[in-house]
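Letters go in sequence order (proteins before strands), and every chain restarts at 1.
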There are 2 protein chains.
Amino acid sequence: MATQPRSTDDILREALEANGQRFTEQRAAVYHFLASTRSHPTADEVYLQVRSAVPVISLATVYKSLETLVGCGLAVKLTYGDGSARYDGRTDPHHHARCLSCSRIVDLPGQVPAEEIEELHEDTGSFQVTGYRLEFTGYCADCAAERRGASEAMAHG
Amino acid sequence: MATQPRSTDDILREALEANGQRFTEQRAAVYHFLASTRSHPTADEVYLQVRSAVPVISLATVYKSLETLVGCGLAVKLTYGDGSARYDGRTDPHHHARCLSCSRIVDLPGQVPAEEIEELHEDTGSFQVTGYRLEFTGYCADCAAERRGASEAMAHG
DNA sequence: GTATCTGCAAATTTTTTGCCAGTAG
DNA sequence: CTACTGGCAAAAAATTTGCAGATAC
């Protein structure tokens, strides 16, 4: 039995090689940060964070690295029409929820209802479905509490 | 029984007034175009199309009008990480599917599985869900056919 | 050794803004 | 009449690109 790759560097190296790309310190730093955070950072946020771990890296390189990772399937690009794209390095299946109040994006603890979604595939006419993305909007715990507080205060006049 | 508003202008006027906004020719033109197309245009595409219907309108006004419509709930802003945002003026419930090959966005004939999605709401931890967005990725009829053709040609060597 | 990658800064693309005149209500 | 809008062009923000030196393999 061959040993499975285990470290994030091993995973990255394999994915890169499978796509004919080279393993570099910058890409490793970007990937390592992405895989370790749940904050769904923008390219700029990745840049700021990674700079503290790598001697030197440029914003352009961060953009290039992020696109490389997306191309290798190691990251997902998320957009919400609020200016900048966000990246998610978590590859296990999960959904996102975006807070309408503070714009934070949180991972939902609930898991993928794959079977239910797949029922829908049958009903998509001539469109051949290969994947889907389910996103929720609403209010995160903090903002929901604030809103409750606000409407109570209102009710009490 | 009061007469229900029926024309797109009436709908627009009511929605604008409900949000303290004024009814203008430019907003009407943008809304009318959005509501009548299934093409999910970018702001720039709206601009080009609307210019042929309205004496004069600027791109900046199109942007402002689109955001106004979104604010009034008469349009939905869609983003797909490929540069520019797209707008959808259809307010009836439906889902979108994006073709991975030609990037076209099509409306899915399938309807909203509201009950199934609502089951998920219960499992979203502390996040208070108010809405969701379900998007499919895959291949539209044309591109799916092309791909089939391509792989058959390959198989035949 | 060579093709690929990085860094830099400039270019491009998309979206927003300030200000004055025009218009809806 | 008065506040809100639209047009213009400039600004801002996000992302991409070209090129020369550095680096992975």
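The two atoms that bring Val50(A) and Val30(A) nearest to each other are CG2-CA, 4.1 Å, heavy atoms only. Summarising the geometry of Pro41(A) relative to Phe33(A), their closest heavy-atom pair is CG-CE2, 3.8 Å, with the distance given to 0.1 Å.
Distance Glu25(A) CD to dT23(D) P: 10 Å, rounded to the nearest Å. When the P atom of dG7(D) is taken as reference, atom CZ of Arg51(B) falls 11 Å away, rounded to whole Å. Rounded to a whole Å, the NZ atom of Lys77(B) is 11 Å from the C1' atom of dT16(C). Spacing between atom CG of Leu16(B) and atom P of dT23(C) amounts to 18 Å, rounded to whole angstrom units. Atom P of nucleotide dA14(D) and atom CG of Leu48(A) are separated by 12 Å, given to the nearest angstrom. Across the protein-nucleic acid pair, Lys64(B) atom NZ and dC19(C) atom P stand 12 Å apart, rounded to whole Å. Atom pair Asp9(B):CG and dA24(C):P shows a separation of 13 Å (rounding to whole Å applied). In this structure, the CG atom of Asp44(A) is 7 Å from the P atom of dA14(D), given to the nearest Å.
Relative ring orientation between Phe136(A) and His95(A) is described as tilted, the plane-to-plane angle lying within the 30° to 60° band.
Thr61(A) comes within contact range of at least one nucleobase, with a heavy-atom separation under 4.0 Å.
The nucleotide whose nearest atom lies closest to any side-chain atom of Arg13(B) is, among dA3(C), dC8(D), dG25(C), dG25(C). Of the candidate nucleotides dT15(C), dG7(C), dA24(C), dT15(C) has the atom nearest to the side chain of Ala85(B). Ranking dT23(C), dT23(D), dT6(C) by closeness to the Ser65(A) side chain, first place goes to dT6(C). Proximity note for Phe23(B) (side chain, C-beta onward) versus dT15(D), dG25(C), dA9(D): the nearest is dG25(C). Distance from the side chain of Tyr63(A) is smallest for dT16(D) among the nucleotides dC4(D), dG7(C), dT16(D). Distances from the side chain of Leu59(B) to the nucleotides dC8(C), dT15(C), dT5(D) place dT15(C) closest.
Between dG6(D) and Thr24(B), a contact under 4.0 Å exists linking OP1 or OP2 to a side-chain N or O. Gln21(B) has no side-chain polar atom (N or O) that falls below the 4.0 Å cut-off from OP1 or OP2 of dC4(D). Checking the phosphate oxygens (OP1, OP2) of dT5(D), a side-chain nitrogen or oxygen of Arg27(B) falls inside 4.0 Å. A sub-4.0 Å separation between OP1 or OP2 of dG7(D) and a side-chain N or O of Gln26(B) is present.
For Ala43(B) and Ala60(A), each mapped to the nucleotide of DNA chain C holding its nearest heavy atom, the one lying further toward the 5' end belongs to Ala60(A). Of the residues near DNA chain C, Arg22(B) and Glu67(B), the one whose nearest nucleotide (by heavy atom distance) lies more toward the 5' end is Glu67(B).
Put simply, the side chain of Arg27(B) never gets that close to the backbone of Ser65(B): no donor and acceptor are under 3.5 Å apart.
Between Glu17(B) and Arg22(B) there is no salt bridge, since none of the side-chain N atoms of the basic residue sits less than 4.0 Å from a carboxylate O of the acidic one.
Rounding to the nearest 0.5 Å places CZ of Arg51(A) at 11.0 Å from CD of Gln49(A).
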